[in-house]
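What follows is one structure encoded as C-alpha cells, with my remarks underneath.
Owing to the predicted nature of the structure, the values given are computational and were not obtained by experimental measurement. Residue numbers start at 1 and run along the sequence shown.
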Amino acid sequence: LEGGFDRLQEEDYNFRIDNKSVDESRKLLEQFNYMIEELNQRNAMRPFVSDAANHLFKIMSQGKQFVESNGAVLFSDIRSFTSISESYTAEEIVEMLNAYFTLWQDVVYKHGGIIDRFEGDAISVVFLEEVHDDYIHRAIRTAAEFRAKLPDFNMSRKEQNKFGIENGIGIAQSMVSFAIVGTEEKQEFFIYGDAPESAEHLEAISKVGIYTNVMVDKSVYDATHELFEFETLQLAEVEAETIYELKQLKFYE
C-alpha cells in the first residue's frame, strides 16, 4: 500500500497492487485498486476540461465555496439565429452548433479561458486574474482569433453546401465570483458580477460594428489599448456611453 500511494502521488493511475492475498488484507487491496481505476477514468476526462478550470477545481477542493477574482467575460451569439432556425432542419442546426462550439472550445482553451455556459446559440467565457495575470489580453486574443477563423469555417461549410453564420462578441471586465453550483448528480459553473451582463450588452451593440464586431468596455480598453488598436464609437442608441471596437484581428497569436 505504501508503494501504491507513492505511485499515486506521481499520478501513475495505471499502477495496480497484486491483490491475490488470501488473508484479511485482500479486501483492502481490492479497494485500493478500485480507487485507482476510478481516478484513471477521471484522468481520461482531463482533455475535455481546460487547464484553467482544473486550476480552480484544485483551489476549491481545499474547502473554498467560491473564488473571487478580477475577470474578463466574453459573450457571443449567432446573428439572426431565430431566422436560421426557421429555415433549416433541427439536424442541420444541431450539426452547425456542434461544429461552431467545437471551434470556440479549441480557441478558448488555447488562451486559458473557462467556458461558463453554452446557452442556445450563445457562449459565455471567463478569464480570471486568479489563473492568468494577462487575463484581459487573453480575452481579446480569443475574440480576435475566433473572428479570424470564422471565414474559413464558413468557407468549409459552403464547400459542403451548408449555410454560413455570423456572430458578434462583447468583452467586459469587473470583479467576479466563480462557483460550482448544483446537486451531487448535476453541477455547473456559475459566474456572477457586473461583467457577464455588460459583456452581453456589448455583444448586442456589436451589430453596428464596422471592423471586427468585437466590442469592449472602457476598463478592457484602458488595459489593452497599447497593444491592440480600437476605434472609439459614440453611439446615440446608447446615450452617452463610449464603446470601443477592436479594429484588427492580426494580434491573436
**OP:** Just do the side-chain contact (heavy atoms from CB on, under 4.5 Å) check on Phe127 and Val125 with the steps written out, would you?
**Re:** CA-CA 7 Å; Phe127 299 81; Val125 181; 3.6 Å; yes

Original post:
Between Val176 and Gly71, which heavy-atom pair has the shortest distance, and what is it?
Top reply: CG2-CA, 4.0 Å

Subject >> Spatial distance of atom CZ (Phe153) from atom NZ (Lys158) [nearest 0.5 Å] >> reply: 15.0 Å

Original post:
Under 4.5 Å between any side-chain heavy atoms of Thr142 and Trp104, yes or no?
Top reply: yes

Original post:
So do Phe228 and His137 actually touch side chain to side chain, heavy atoms under 4.5 Å?
Top reply: yes

Original post:
Does Pro196 offer a backbone N or O that forms a donor-acceptor pair with the side chain of Glu200 under 3.5 Å?
Top reply: no

Original post:
Met215 pairs by side chain to side chain contact (heavy atoms under 4.5 Å, CB included) with which of Ile171, Leu246, Ile243?
Top reply: Ile243

Original post:
So, Glu145 and Arg141, do they make that salt bridge, N to O below 4.0 Å?
Top reply: no

Subject >> Intermediate values then yes/no, side-chain contact (heavy atoms from CB on, under 4.5 Å), Val108 and Phe146 >> reply: CA-CA 9 Å; Val108 168; Phe146 186 89; over 6 Å; no

Subject >> Least distance between heavy atoms, Ile93 atom then Ser85 atom >> reply: CD1-CA, 4.0 Å

Original post:
Would you call Asp222-Lys218 a salt bridge at under 4.0 Å N-O?
Top reply: yes

Original post:
Taking the six-membered ring for Trp, are Tyr221 and Tyr244 parallel (under 30°), tilted (30 to 60°) or perpendicular (over 60°)?
Top reply: parallel

Original post:
Between Tyr211 and Leu233, is any pair of side-chain heavy atoms under 4.5 Å apart?
Top reply: no

**OP:** For the residue pair Ser206 and Arg79, confirm or rule out a side-chain donor-acceptor distance under 3.5 Å.
**Re:** yes

Original post:
Does a salt bridge link Glu129 with Arg138, judged by any charged N lying under 4.0 Å from a carboxylate O?
Top reply: no

**OP:** Using the rule that two of Ile, Leu, Val, Met, Phe, Trp, Tyr join whenever any of their side-chain heavy atoms come within less than 4.5 Å, decide whether Val220 and Leu227 are in one cluster.
**Re:** yes

**OP:** Output yes when Glu95 and Arg157 qualify as a salt bridge under the 4.0 Å nitrogen-oxygen rule, no when they do not.
**Re:** yes

Original post:
Any side-chain heavy atom of Ile169 sitting closer than 4.5 Å to one from Thr212?
Top reply: no

Original post:
Ala139 and Ala72: which non-hydrogen atoms are nearest, and at how many Å?
Top reply: CB-CB, 4.0 Å

Original post:
Does a salt bridge link Lys247 with Glu229, judged by any charged N lying under 4.0 Å from a carboxylate O?
Top reply: yes

**OP:** Please check if the side chain of Ser198 supplies one atom and the backbone of Ala195 the other of a donor-acceptor pair under 3.5 Å.
**Re:** no

**OP:** Measure the CD-NE2 distance between Glu130 and His132 for me, rounded to the nearest 0.5 Å.
**Re:** 11.0 Å

Original post:
Name the one of Leu150, Asp77, Ile123, Asp121 that satisfies side chain to side chain contact (heavy atoms under 4.5 Å, CB included) with Asn167?
Top reply: Leu150

Subject >> Atom pair CD1/CG of Ile165 and Asn154 - distance to nearest 0.5 Å >> reply: 6.0 Å

Original post:
Are any non-hydrogen side-chain atoms of Asn213 and Glu245 less than 4.5 angstrom apart?
Top reply: yes

Original post:
In terms of heavy-atom contacts, does CG of Asp194 have more than 12 from other residues, nucleotides or ligands at under 6.0 Å?
Top reply: no

**OP:** Look up atom CD1 in Ile84 and atom CZ in Phe163, then write down how far apart they are to the nearest 0.5 Å.
**Re:** 6.0 Å

Original post:
Are Phe118 and Tyr109 connected in the hydrophobic side-chain network, where two residues link if heavy atoms are under 4.5 Å apart?
Top reply: yes

**OP:** Look at atom CD of Glu197 and say whether more than 12 heavy atoms of other residues, nucleotides or ligands are closer to it than 6.0 Å.
**Re:** no

Subject >> Spacing of CG belonging to Leu97 relative to CD belonging to Glu92, to within rounding of 0.5 Å >> reply: 12.0 Å

Subject >> Reported NZ-to-OG distance for the pair Lys162 and Ser156, which is rounded to 0.5 angstrom >> reply: 7.5 Å

Subject >> Side chains of Leu202 and Phe75 in contact at under 4.5 Å (non-hydrogen atoms) >> reply: no

